[in-house]
Amino acid sequence: MIVGHGLAGTILAHHLHQENIEFQIWNSSPTHFTSSNAAGGIFNPVTGRKLERTWLAKEIFTYLFSFYSALEIKLNDSFFFPMPLFRPFANAEMAKWLLDRRAEIDNEFLDWKSEGVWVNNAGWVDVPHLLQASQLFFKELGVFFEKEFVSGQSDSSNFTHVIFCEGFHGMKNPLWSCLDFLPAKGELLKIQTIQADPSFILNKNGFLLPIGRNAYKVGATYRWDEFGPESTVSGYEELKDKLAQFKVHEYIEIEKMVGIRPATQDRRPFVGMHPEKPFGIFNGFGSKGVSLIPYFANEFIGELQGKKMVHPDASIRRFNHLFSI
Ligand SMILES: Cc1cc2nc3c(=O)[nH]c(=O)nc-3n(C[C@H](O)[C@H](O)[C@H](O)COP(=O)(O)OP(=O)(O)OC[C@H]3O[C@@H](n4cnc5c(N)ncnc54)[C@H](O)[C@@H]3O)c2cc1C
């Protein structure tokens, strides 16, 4: 059983289906809101002020491109959009600092210009669309159920494994209470404007992501003190400030979006089976679910089949000493 049909549960289910492993998905959005629907959906192999490669970038980005392309064919739909991403230098000082160190900083994803760097192998996934198309697919297979899993109440005896893909709700599941989640609320604004360039993602202290027909997603905010599903005045103001910095002054607001990133204290996912029980976890993908989830779904299924082991930094084996307390 897979509990949760956010991006994590959905992509894990596609991997099980690929391997002809029988499964059911239980999901309950009315009681547990789905953060994946708020995601910008960006994948970007470069991070931080020093333009470093993201963790395991080579492996993760190679897998990501083949996975989403194949999923589009499988679902006969379109939700994967590779697109150049531009990171302007923050200011003249930063430009000089980075350009002086170009030789030591440079990597295969960067294309240097005088006003900033272009990042290759970036783009975005229309996550809500992927979830919708997948839900339809799994409903037609008869394996999708609108059902809440309640710890200690829901009967899981018909299943060999129950894998929890509950997003930030996982931190309330007593099975995983020893794991250090560090959830981060995020807000995003969908707008329409003709004052931006639709051919690339702009990334400077936030992002401006073109999603077609003069529509853009503007994001995103971070806060760690409150985890409700409502948008906030401060979040809204911050997003409008970002738009001003992107020199977008005339726009129509289409939608406010809110989600909670299931981030973790050590900034690595929680992947694997409980050391003593038939329960597993596939969670903790933080602000990088789009790029991390496909790669680790493949590793997790490989581990369940005895073919490989999940990377030690992502595996919940790193917390085995806590489960036995
Ligand atoms: C504003 C914002 C912007 C973001 N932008 C990006 C981005 O640009 N790129 C990127 O890679 N990531 C981004 N993210 C992060 C990304 O959204 C997450 O990494 C990812 O969506 C997490 O997916 P998930 O499936 O783990 O969790 P969720 O999407 O929260 O899914 C959990 C699911 O489990 C269900 N559920 C939970 N508990 C139960 C239960 N007991 N019984 C039944 N069902 C249950 C819920 O209903 C839900 O459907 C962003 C996040 C936010 C908030």
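Indexing begins at 1, ligand by ligand and atom by atom, following the structure's order.
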Step-by-step ring pair (Phe, Tyr, Trp, His ring centres under 6.0 Å) determination, F138 to H14: CA-CA 9 Å; F138 292 128; H14 280 298; 4.7 Å; yes

Would you mind telling me if ligand 1 is within reach of the side chain of V3, the backbone, both or neither, using heavy atoms under 4.0 Å? side chain

Taking the inter-plane angle between the rings of F79 and H129 on a 0 to 90° scale, is it parallel (under 30°), tilted (30 to 60°) or perpendicular (over 60°)? tilted

Measure from atom 6 (C) of ligand 1 to every heavy atom in G40, S29, G259, G167 and give the option owning the shortest one. G40

For the ring pair F149 and F164, is the centre-to-centre distance below 6.0 Å? yes

Which atoms from ligand 1 have a heavy atom of G6 less than 4.0 Å away? 25 (O), 29 (O), 31 (O), 33 (C), 49 (O)

On the 0 to 90° scale, with breaks at 30° and 60°, tag the F80-Y68 ring pair as parallel, tilted or perpendicular. parallel

Parallel, tilted or perpendicular: which fits the ring planes of F43 and F65, with parallel below 30° and perpendicular above 60°? perpendicular

At what distance is the nearest protein heavy atom to atom 48 (C) of ligand 1, and which residue and atom is it? T34 OG1, 3.3 Å

Applying a strict 4.0 Å limit to heavy atoms, is G219 in contact with ligand 1? no

For atom 34 (O) of ligand 1, closest protein heavy-atom neighbour: G4 CA, 3.2 Å

Near-ring test Y216/W124, centroid separation under 6.0 angstrom: no

Classify the ring geometry between H15 and F67 as parallel (under 30°), tilted (30 to 60°) or perpendicular (over 60°). parallel

I'd like to check which ligand 1 atoms, numbered from 1 as shown, lie under 4.0 Å from a non-hydrogen atom of C165. 32 (C), 33 (C), 34 (O)

Side chains of E253 and Y236: do they bring a donor and an acceptor to under 3.5 Å? yes

Suppose we measure from atom 46 (C) of ligand 1 to each protein heavy atom; which comes out shortest, and what is that distance? H32 O, 3.2 Å

Which residue and non-hydrogen atom of the protein lie closest to atom 11 (O) of ligand 1, and at what distance in Å? V290 N, 2.9 Å

Which part of S36 is near ligand 1, with near meaning a heavy atom under 4.0 Å away: side chain, backbone, both or neither? both

Taking the non-hydrogen atoms of K147, is any one of them nearer than 4.0 angstrom to ligand 1? yes

What protein heavy atom sits nearest atom 16 (C) of ligand 1, and how far off is it? G286 O, 3.9 Å

Is it the side chain (CB and beyond), the backbone, both or neither of E166 that lies under 4.0 Å from ligand 1, heavy atoms counted? both

Please check if the distance between the ring centroids of F33 and F168 is under 6.0 Å. yes

Here the atoms of ligand 1 under 4.0 Å from any heavy atom belonging to A38 are 1 (C), 2 (C), 3 (C)

Closest to atom 17 (O) of ligand 1 among A39, G235, S287 (heavy-atom distance): A39

